[in-house]
**Student:** 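Sharing a structure, written as structure tokens. Questions coming.
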Amino acid sequence: MEFFIDSADIEAIKELNAFLPIDGVTTNPTIITKSGRQPEEVLEELTEVLSEDQKIFAQVIATDYEGILAEAHEIASLRGGKNVLVKIPVSREGLKAIPVLKAEGTGVLATGIYSADQAFWAAKAGADYLAPYVNRMCNYGDGVGQVVELVDTLALYGLDAKVCAASFKNVDQVHQLLAAGTPAVTVAPDVIRAMVDHPGTAIAVDEFTANWQKAYGRTTLRA
Ligand code: G3P
């Protein structure tokens, strides 16, 4: 499975990438604006911070077919095209652009997905990844359940698109989709930290150290 960081916060990406086997970074226009920096700068820095084996996902801003294609070409040329994928919202124009980009060999993630039905069409259009917005879908029903069902539907028809579940607000949503075998997830830094940093572990480690210190007068294995 693949685990991506959903962020354009370079410091947060460096922090998490230093100790977790992260498969890449996904961004979107809002995420980039939140960085408070110019998009070119952010994307350039992502290519410096991540290895070439780690994927970078950047989204088109244009909403018309020609504009989507032009911006997709620009994004796809980043880092010589190595493991760079273009995010395209599943609008009518976006769905029209996806097969064209695929035929050119560009990696595509269909994004802004609010229903399994939209995801189905994006998969049939040839998208490599599908990003259902899990938490936002929960506003309309069982977002987690719909994504689990989507993974099964894709398998049923032998569609190659990988679900990359996105828009998580808490660890439980991520947990449920990981337990269901979702092939990829993209998660914001605060939720990733909450997955890793359980306060119980810190208490247990402090207790081990205190007991060792009391018994042997040191905090290392050997004196
Ligand atoms: O990757 C898509 C995601 O960033 C949307 O998340 O938190 O705006 O619902 P959110």
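Count residues from 1 along the sequence. Just so you know, ligand 1 is whichever comes first in the structure, and atom 1 is the first atom listed for that ligand. Computed over heavy atoms, backbone and side chain alike; hydrogens, waters and symmetry mates excluded.
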**Student:** With backbone taken as N, CA, C and O and side chain as the heavy atoms from C-beta onward, which portion of N135 lies under 4.0 Å from ligand 1: side chain, backbone, both, or neither?
**Tutor:** neither

**Student:** Check ligand 1 against I31 and write out every atom of the ligand that is under 4.0 Å from a heavy-atom position of the residue.
**Tutor:** 4 (O)

**Student:** Among all the protein's non-hydrogen atoms, which is closest to atom 2 (C) of ligand 1, and how far away is it?
**Tutor:** Y133 CE1, 3.3 Å

**Student:** V187 versus I5: any side-chain heavy-atom pair under 4.5 Å?
**Tutor:** no

**Student:** Report yes or no: do S167 and N135 form a side-chain donor-acceptor pair below 3.5 Å?
**Tutor:** no

**Student:** Between K102 and D128, does any side-chain N to carboxylate O distance fall below 4.0 Å?
**Tutor:** yes

**Student:** Of all the atoms in ligand 1, which lie at a distance below 4.0 Å from a heavy atom belonging to A166?
**Tutor:** 1 (O), 2 (C)

**Student:** Would you say R136 and ligand 1 have an N/O pair spaced under 3.5 Å apart?
**Tutor:** yes

**Student:** Could you check which of P132, G112, S167 puts a non-hydrogen atom nearest to atom 5 (C) of ligand 1?
**Tutor:** S167

**Student:** Do we get K162 above Y129's six-membered ring, with its NZ or CZ under 6.0 Å from the centre and within 45° of the axis?
**Tutor:** no

**Student:** Less than 4.5 Å apart, side chain to side chain, heavy atoms only: is that true for P39 and T27?
**Tutor:** no

**Student:** Over 60° means perpendicular and under 30° means parallel, so tell me whether Y114 and Y133 are parallel, tilted or perpendicular.
**Tutor:** tilted

**Student:** Note the single closest protein heavy atom to atom 7 (O) of ligand 1, along with its residue, its atom name and the distance in Å.
**Tutor:** K169 NZ, 2.8 Å

**Student:** Less than 4.5 Å apart, any side-chain heavy atom of V84 and any of K55?
**Tutor:** no

**Student:** Find all atoms of ligand 1 within a distance of less than 4.0 Å from any non-hydrogen atom belonging to N28, and give their numbers and elements.
**Tutor:** 2 (C), 3 (C), 4 (O)

**Student:** Can you tell me which portion of T111 lies within the under-4.0 Å heavy-atom range of ligand 1? Options are side chain, backbone, both, or neither.
**Tutor:** neither

**Student:** Quick one: look up the protein heavy atom nearest atom 3 (C) of ligand 1 and list residue, atom name and how far away it is.
**Tutor:** D6 OD2, 3.2 Å

